[in-house]
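In what follows, a single structure is set out as structure tokens and then discussed.
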Amino acid sequence: MSGTSSLSAETLVAQALGELDPLTGALAPTITVSTNYEQKADGSYHQDRVYTRADNPTSEQTERVIAMLEGAGCDCMLFASGMAAATAVFQALLPGDHVVVAKVLYWGVRKWLAEFGITWGIDVEFVDTTDLRAVESAMRPGSTRLVWLETPANPTWEITDLRAVCKIAHAAGAKVAVDNTVATPVLTRPIEFGVDLVVHSATKYLNGHSDVLAGAVVTARNDPLWQRIRSWRREAGAVLGPFEAWLLQRGMRTLFLRVRRASESALAIARHFEKHPSIKAVLYPGLPSHPGHEIAARQMSGGFGGMLSIRLAGGAQHAAAVLRGVKLFKRATSLGGVESLIEHRRSMEGPSSSAPDDMLRLSIGIESVGDLVADLESAVKIAPP
Ligand SMILES: Cc1ncc(COP(=O)(O)O)c(C=O)c1O
């Protein structure tokens, strides 16, 4: 698309950057399935592409869209899953490197770090990143290489002040990576706050239809760490297939509509149930009662996201009854799809989970908010406390 610099991200993503197929003029991008590319008689390649583990035009097009969404992101790499993206960042570090990791974060990352961070030789320290003094005292200048954040953080939606943590980390010579899966670039563009790397489970909101497993890493600059991550992906091979990359660019065309709708509905649901007699607490950064609300209001624009958790007044049994009682919400893990989901996070995460037993995690979709409230209303009444 020519003259794109003045256009908003919302416009650019709706048209997947408006790139046409140069051969046919097709609006929808072509899927390049070839694993390899012809070498010419002089030894060169048509577009410098050799083998699809390193180079695929369909993936590259989707990567350009995600890099654009993250604003100042200079480059993006797709991975086979969100976990492949997250672990690529850690695996690009060296044995002995110290890493400060948010205490509250997606349990899969925490589990991987506990099981494999040690064998990889990285020194992982879990810290409450909502407490800036704790972050500051965890830093070891010269050996802390990375601070890993997630905001809002699974499954209780703690908010970390990105600008403040970046200031502390950078002063100690460390980089900052943020899992931006839940906020999405519609609501937060972490690079604008000084963050160095942004990670996504593109399986969630970016794709948005619960039918693609994918991950992405976006960098603010092309530096040696980025080159190591690229080299890791190429040599280890955790790449996304071209069909999935194509589906992902299609899903992202409606990203703004879906995220805004989910955010509006989540806020309405949070407000409706905040003072409800069957509910002990609603955990949602959009509520002024949330301890991170003020920071969220500063670093999230246009909404507080589609994820919230509710704690039931009647405890774990009440939560189990609500889970059985819903009809419209789907009982399933994951998040960020067009359909609303409900799950008991503690059972899903297992014995190491820090999620309260009386808590249910909700991923709000794009259905009528009235229908969603009515479904929850009748389910929470099933087992009065
Ligand atoms: C916040 C967050 N980050 C990363 C992941 C991992 O992504 P994937 O399931 O695509 O590997 C998830 C998955 O639930 C997630 O919720």
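We count ligands from 1, going down the list as the structure has it; atoms in each ligand are counted the same way. These values consider heavy atoms only, across backbone and side chains, with no hydrogens, waters or symmetry-generated copies. Just so it is clear, the structure is predicted and the values come from calculations on it, not from any experiment.
Between Lys167 and Glu136 no salt bridge is recorded (no basic side-chain N to carboxylate O distance below 4.0 Å). Between Arg221 and Asp75 there is no salt bridge, since no side-chain N of the basic residue sits under 4.0 Å from a carboxylate O of the acidic one. Ionic pairing of Asp375 and Lys327 is not present here: no N-O contact between side-chain nitrogen and carboxylate oxygen is shorter than 4.0 angstrom. Under a 4.0 Å N-O distance rule, the pair Glu158/Lys103 does not qualify as a salt bridge.
The distance from atom OG of Ser363 to atom CG of Leu341, rounded to the nearest 0.5 Å, is 4.5 Å.
Taking a 6.0 Å sphere around CZ of Arg49, one finds it holds more than 12 heavy atoms contributed by other residues, nucleotides or ligands.
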Identify all N/O pairs between ligand 1 and the protein with a separation under 3.5 Å and present them as a table of atom names and distances.
residue, atom, partner, partner atom, Å
ligand 1, 3 (N), Asp179, OD2, 2.6
ligand 1, 7 (O), Ser201, OG, 3.0
ligand 1, 10 (O), Gly82, N, 2.9
ligand 1, 10 (O), Ser201, OG, 2.8
ligand 1, 10 (O), Thr203, OG1, 2.6
ligand 1, 11 (O), Gly82, N, 3.1
ligand 1, 11 (O), Met83, N, 2.8
ligand 1, 14 (O), Lys204, NZ, 2.9

